[in-house]
Amino acid sequence: MLYICWCVRTHTHAPTIMHKIVRLSLLGILALALSCSKAEPEEERLAKVEVTSELSTRTSLEGTSVVWSEGDRLVVFASGNTTGNNFIIGDGTGTQNAVFYGVQPAGGGDFFAAYPNTATYNGASTFTFNLPSEVQYTHGTFAPGTNPMLSGTKSKSEFGSFSMKNLCGVLKLRLKGGIKVTRLELTFDRPVCGPGTVSRGGNTLTMSGGSDSYKTITVSCGSGIQLSASEAVEFFVVIPAAEYSTLNVKAYTADGNNSTKSLSQIFTITRSAQTTMETTMPAPALANPPELTVWSFNITCQSNDDNSSWSSSNYWSKRKAGVYAFFNAQSPDIVGTQECEYRQRVNILDNTSGYAAYGLGTEYGKESSGGSGSAWDKITGNYKDYNTDSSNAIFYKTDKFEVLDKGTFWLSSNPSSVGSDDGHNCAWIKFQWKENGYKFYFFNTHFTAHYTDAAYAARKAEAQILYDRIEAINSELLPVIITADFNATATEMYSADKGDTRWSNYYWARNVDGKTSKTSYPTSYNNFTTTCTGFSSIYSSGTCTDGNSNIDSIVYKYFYENTKHGLKSGSFGTDFQPYAGVNYISDHWPITATLIFDYQ
């Protein structure tokens with residue numbers, strides 16, 4: 001039986017790792033003759049065999065040097081023999097020079113060497129390599145045993161000289177982001193794993209797997225690899241040399257959530273070379289994304305009690321118990337109210353639990369009575385208590401949300417001018433969800449009422465100003481939620497003659513005249529064609545002959561490049577039930593939307 005010792009070393013003078021030469025030298029041959037009688041072993045006979053390779057990244061990388069890894073194995077075949085013999089590394093692990101030990105395969109004729117030792121040979125002209133579908137992340141290099149090589153054909157007389165060729169290339173994927181990756185799934189538009197074949201003397205690996213399962217490679221990352229927003233983490237993966245048009249990267253986190261990024265661009269993996277691609281992974285899509293319940297509710301000013309045409313049953317003193325019961329029963333996360341005077345806000349906060357509120361008065365820009373408790377009324381010429389100033393107050397749960405910023409602007413050409421546009425303003429808050437850190441903007445407003453030419457013109461201007469101000473405030477492109485009594489239908493809001501066509505960029509929680517085509521999620525207000533009650537039974541069925549009665553809205557927009565994720569709509573509804581025995585708690589129905597946050 002003939003034992004072989006191969007010595008492997010690499011030239012270090014090449015300037016790049018892709019052009020290093022690997023040589024294998026046969027240091028010695030030990031022949032052992034066996035017989036029935038006692039015999040002394042033959043004297044060790046030394047010979048020299050050189051195997052050269054174009055490979056720059058044989059089993060692992062260390063900087064720009066090619067090094068051998070512990071446990072590396074080669075397989076050597078003889079022509080006509082499907083069984084190859086393994087050669088295992090002995091000395092030189094972690095260096096450019098190594099010694100491999102093995103048994104010369106039986107048979108004459110031609111010989112071939114292949115790496116890794118899992119390669120098979122049909123005894124004639126075809127070698128088969130099985131590229132793994134799952135590999136381990138290895139810092140600074142690719143996974144051991146994943147880079148296939150095949151030598152050229154050598155006759156028995158030339159056994160001392162093999163030339164190895166790389167059959168694949170290396171994808172160096174550089175990822176940035178803020179997530180900790182426990183597993184990567186890389187999906188291509190053609191097979192990259194499973195069986196592949198190459199002919200004797202060839203260097204092109206032809207993949208034979210036909211199903212989609214052969215198009216994905218999984219990189220397991222152990223307890224997790226933390227990505228950085230500033231410095232890319234490099235992942236090395238061996239894949240067949242070819243032209244690719246798609247790479248989908250899905251990064252999983254320890255909690256089972258995943259982040260997806262699609263690189264739809266043509267790129268080429270060159271045999272025996274590295275191809276670099278880089279991208280930033282977005283925040284993960286949550287397996288169980290949190291839901292936010294928001295409401296829009298025009299509660300009707302208490303000052304309307306002075307309206308002689310109103311029935312006393314509509315007075316705030318009669319309705320307020322129903323409003324308190326609404327808050328306590330529905331437990332909304334956030335409510336955008338309109339026509340909420342400061343004294344009404346105090347009443348609500350005193351009779352509910354866990355809420356705070358913000359919104360400056362529409363005429364005087366105050367939240368309370370302040371030091372003097374009154375101010376000169378520019379309209380009547382009398383002093384007016386700030387407590388009776390209407391506002392677009394935003395109520396929110398203090399245990400759920402932190403206020404990062406807030407403000408109020410007026411819907412006029414000078415938005416900072418208090419009381420301009422006849423006092424129509426918009427309150428806003430930049431929230432951070434305490435439980436998950438999500439940030440978003442919440443805007444709440446009330447447009448000009450009535451349906452005269454002047455009112456239509458005023459609302460058209462207000463629609464444009466509101467859009468511009470939101471865009472300016474939300475420079476971070478965070479999700480946006482808007483609650484409003486627009487005194488206009490959704491169609492009017494994004495029409496050119498009565499609103500601003502840019503509002504079609506937003507999603508409208510509507511099922512009648514809103515833009516529902518932008519999402520496949522339910523957009524129903526219980527099939528109501530009105531959001532006003534008018535304190536009248538004609539509205540109690542949810543129908544109204546007045547075409548302008550569908551005037552309250554919940555509008556939202558998310559900013560996310562992958563439209564499968566972001567802020568999404570869940571359920572919608574109109575709450576027309578009585579509370580605390582009060583049939584009509586306002587002259588508007590409260591409307592609600594459950595919004596799903598899949599955004600960070």
Side-chain angles (χ1 to χ4, degrees), residues 8-12 14-24 53-74 88-89 91-98 100 114-119 129-150 164-176 180-186 188 192-193 205 216-228 231-241 247 249 251 267 269-279:
V8 184
R9 62 177 180 268
T10 60
H11 291 300
T12 59
T16 67
I17 60 175
M18 295 314 299
H19 296 88
K20 294 186 183 298
I21 304 299
V22 180
R23 298 180 182 276
L24 274 67
S53 172
E54 65 182 353
L55 182 66
S56 65
T57 53
R58 180 184 294 273
T59 63
S60 62
L61 297 172
E62 187 170 303
T64 58
S65 298
V66 180
V67 297
W68 290 91
S69 302
E70 182 178 357
D72 274 344
R73 295 173 183 266
L74 304 169
I88 186 170
I89 192 169
D91 302 322
T93 297
T95 70
Q96 294 174 274
N97 302 292
F100 281 74
Y115 178 87
N117 69 323
T118 54
F129 294 82
N130 195 63
L131 300 187
S133 61
E134 183 169 352
V135 298
Q136 292 292 324
Y137 167 81
T138 306
H139 177 70
T141 184
F142 46 79
T146 61
N147 190 49
M149 294 181 290
L150 180 65
M164 304 289 288
K165 287 188 178 295
N166 225 0
L167 302 180
C168 290
V170 177
L171 171 65
K172 180 166 71 173
L173 181 62
R174 293 168 50 85
L175 297 182
K176 294 181 179 180
K180 190 173 185 179
V181 180
T182 58
R183 186 171 87 253
L184 274 183
E185 285 185 1
L186 307 179
F188 301 82
V192 291
C193 63
L205 191 66
T216 299
I217 294 177
T218 299
V219 182
S220 298
C221 302
S223 59
I225 304 298
Q226 180 64 55
L227 301 186
S228 167
E231 186 174 349
V233 176
E234 295 178 342
F235 296 82
F236 295 86
V237 182
V238 176
I239 60 175
L247 169 58
V249 182
F267 62 95
I269 298 296
T270 304
R271 188 184 64 81
S272 195
Q274 291 185 17
T275 300
T276 301
M277 299 186 73
E278 182 170 328
T279 190

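What you see is a predicted model; the values in this text were computed from it and never measured.
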Side-chain touch I269/L171, heavy atoms, less than 4.5 angstrom: yes

Nearest-0.5 Å distance, CZ of residue F235 to CD1 of residue I225: 6.0 Å

Worked check of side chain to side chain contact (heavy atoms under 4.5 Å, CB included) between T118 and N130: CA-CA 8 Å; T118 54; N130 195 63; 5.8 Å; no

Nearest atoms (heavy-atom pairs only) where K180 meets Q226: CB-OE1, 3.4 Å

Between SG on residue C193 and CD on residue E134, distance to nearest 0.5 Å: 10.5 Å

Check against side chain to side chain contact (heavy atoms under 4.5 Å, CB included), R271 and K165: CA-CA 9 Å; R271 188 184 64 81; K165 287 188 178 295; 4.2 Å; yes

R183 side chain reached by C221 side chain, heavy atoms, under 4.5 Å: no

I217 to P132 - nearest heavy-atom pair and separation: CG1-O, 4.3 Å

Validation row: N166, N147 side chains within 4.5 angstrom (heavy atoms): yes

Spacing of CZ belonging to F142 relative to CD belonging to Q136, to within rounding of 0.5 Å: 15.0 Å

Donor-acceptor side-chain pairing of D72 and Y115 below 3.5 angstrom: yes

Atom pair CG (L173) and CD1 (I239), whose distance is rounded to the nearest 0.5 Å: 10.0 Å

Student check: side-chain heavy atoms of L205 and F129 closer than 4.5 Å: yes

Check: V170 and V237 side chains under 4.5 Å, non-hydrogen atoms: no

T146 (side chain) donor-acceptor with A143 (main chain) under 3.5 angstrom: yes

Interatomic distance, L184 atom CG to S220 atom OG [nearest 0.5 angstrom]: 9.5 Å

Presence of salt bridge, K172 and E278, under 4.0 angstrom: no

Interatomic distance, M277 atom CE to L186 atom CG [nearest 0.5 angstrom]: 10.5 Å

Side chain to side chain contact (heavy atoms under 4.5 Å, CB included) between T279 and L175, worked out: CA-CA 5 Å; T279 190; L175 297 182; 3.5 Å; yes

Min side-chain heavy-atom separation V192-P240 under 4.5 Å: yes

Donor-acceptor pair, side chain of R174 and main chain of T276, under 3.5 angstrom: no

Check: F267 and L247 side chains under 4.5 Å, non-hydrogen atoms: yes

Test item: Y137 and T182 side chains (from C-beta on) under 4.5 Å apart, heavy atoms: no

